[in-house]
Amino acid sequence: MIAIKKIETPIVLFGVTFAILFSYITYSTIGLRHFLVFAIGIGLGFSLYKAAFGFTGGWRNFIEKRDSSALRAQFLMLALAAIVFSFVIGSKSFIYDGTILGAIAPVSLSVVIGSFIFGLAMQLGGGCGSGTLFTAGSGNTKMVITLFFFIIGSLAGTYHFAFWSSLPSLGAISLLDNYTLIETLTFQLGLISILYLFVFILDKKKNKITDYNNIFRFTSSNLLQGPWPLFFGFCAFGAV
Amino acid sequence: MLHAAGHPWSVTFSFGLWGAKLATLIGVNVSSWDYWQLSYPAVALENSLLADPTTVSNLGIILGALIASALSGNFSNQIKIDKKLFFAAMIGGFFMGYGARLAFGCNIGALFSGIASGSIHGWVWFLFAFIGSYFGVKCRKFFY
């Protein structure tokens, strides 16, 4: 059981007022779609914070201590998302007149170099993209600095974009476009399961885990104030 | 999110956009850069920030986390930063931003949304970001 602290009422009120105001502005100037995206964002920020869901710390726990719990939660989340996305991508949106697009990008040398730099930097900065956002939002001053330089770095990246995109590339490879739904899901879920088992076995060898379901468990009975299990965090991801 | 935004969740595109908007404000001609002439970024740069779905979802995430943390009484209760931590945040933040542009996204836009969409670049991203993280963890001792 974790001790519950006092609610910081003025900050809660500030947050809620700002959220209502911003919802109104978004809805009236841009439209329903953006208002919904904003509302989902609030739910996400809330859940990410509660579950302390982050890639950075989770990967580090595995790299340093072979603790695989966060990685396993991420693999479950990926499996769920891969299934949902396979059916939704290419279909019509319920909300506006348009087709839902996948996140398809080229397999190129720039992805190899960029993701390597990103992975290294996220351990120094202390959070990935979403991690930086929610920790900065939760009042962590260091992460506000990280966010500021994240923005500067992104701009610098766009400045050099022409050079990086001239590097060798295999082009975009979409499994769904090249293979059937069944083949795609078999490959994706198969690979995710292998990775899940792999990290689980490494963890078990070193740490002799006996508590297999720790990622699903609540450590506090107070839903509003206590931390949520990792499982909740990945459900929130699933929702998007 | 898929239905409302029309594309899977992403985060870092808006960081570049915010930077570009700021740079434009102080008189830099960002729109002449190759990246900002591509169709999607060009339109986003032209439009109001609120028209960019990534911007609104990011603001939502910040506010949601702010409310959650104040409800738990943790908002004002944070660690102090010293010079070393400041440098870690600065270097980490800058290179995450730079890396994300080269790699077409972060853990969300490339790894999560990419893999879930069945794009091979998501898997490549995962592999190399994990290797990068391995070295990143080793470098942490200089800062933390």
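Bear in mind the structure is a predicted one, so any value in this text is a computation, not a measurement.
For the options V107(A), L133(A), I30(A), heavy-atom pairs under 4.5 Å to chain B are most numerous at L133(A). Ranked by heavy-atom pairs under 4.5 Å with chain A, the first of D34(B), I81(B), V124(B) is I81(B). Considering only heavy-atom pairs separated by less than 4.5 Å from chain B, the leading option among E64(A), M143(A), K142(A) is K142(A). Interface check for chain B: of the options G102(A), S110(A), G126(A), the most heavy-atom pairs under 4.5 Å are formed by S110(A). By number of non-hydrogen pairs under 4.5 angstrom with chain A, the leading residue of A23(B), S76(B), A100(B) is S76(B). When F75(B), F95(B), F13(B) are compared by the number of non-hydrogen pairs under 4.5 Å with chain A, F75(B) comes out ahead. Of all the listed residues (V11(B), N47(B), V137(B)), the one sharing the greatest number of non-hydrogen pairs under 4.5 Å with chain A is V137(B). Among T158(A), I25(A), L167(A), the residue with the largest count of heavy-atom pairs under 4.5 Å with chain B is T158(A). The candidate from W59(A), F38(A), Y179(A), F18(A) with the greatest count of non-hydrogen atom pairs under 4.5 Å with chain B is W59(A).
Side-chain N or O atoms of S48(B) include one that pairs as donor or acceptor with a backbone N or O of L50(B) at under 3.5 Å. Checking side-chain atoms of W36(B) against main-chain N and O of A20(B) turns up no donor-acceptor pair under 3.5 Å. A distance-only check finds a donor-acceptor pair linking the side chain of K21(B) to the backbone of L45(B) [under 3.5 Å]. Checking side-chain atoms of N140(A) against main-chain N and O of A136(A) turns up no donor-acceptor pair under 3.5 Å. One N or O on the side chain of R140(B) and one on the backbone of Q123(A) form a donor-acceptor pair closer than 3.5 Å. Looking at S169(A), its side chain never comes within 3.5 Å of a backbone N or O of S165(A) through a donor-acceptor pair. Distance alone, capped at 3.5 Å, is enough to place a donor-acceptor pair between the S133(B) side chain and the G119(A) backbone.
Heavy atoms closer than 4.5 Å to chain A are found in both the backbone and the side chain of Y134(B). With a 4.5 angstrom heavy-atom cutoff, W125(B) touches chain A via backbone and side-chain atoms both.
Judged as a ring pair (Phe, Tyr, Trp, His ring centres under 6.0 Å), the pairs with a partner in residues 121-158 of chain A (not counting sequence neighbours) are, in order, F150(A)-F15(B).
Y27(A) and H34(A) are not linked by any side-chain donor-acceptor pair at a separation below 3.5 angstrom, with hydrogens and angles left out of the test. Remark: the Y35(B) side chain and the R101(B) side chain contain an N/O donor-acceptor pair separated by less than 3.5 Å.
Using cut-offs of 30° and 60° for the angle between ring planes, the F75(A) and F126(B) rings count as tilted.
For the pair L111(B) and C106(B), the minimum side-chain heavy-atom distance is 4.5 Å or more. In this structure the side chain of F104(B) reaches within 4.5 angstrom of the side chain of S108(A), judged on heavy atoms.
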Just do the side chain to side chain contact (heavy atoms under 4.5 Å, CB included) check on I63(A) and F130(B) with the steps written out, would you?
CA-CA 9 Å; I63(A) 292 168; F130(B) 205 89; 4.0 Å; yes

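In this view, T55(B) and S14(B), L17(B), W18(B), L49(B), D52(B), L59(B) satisfy the side-chain contact (heavy atoms from CB on, under 4.5 Å) rule, not counting sequence neighbours.
Within residues 113-121 of chain B, the residues approaching chain A closer than 4.5 Å by heavy atoms are, in numerical order, S113(B), G114(B), I115(B), A116(B), S117(B), G118(B), S119(B), I120(B), H121(B). Of residues 86-93 of chain B, those residues lying under 4.5 Å from chain A by any heavy-atom pair are F86(B), A88(B), A89(B), M90(B), I91(B), G92(B), G93(B).
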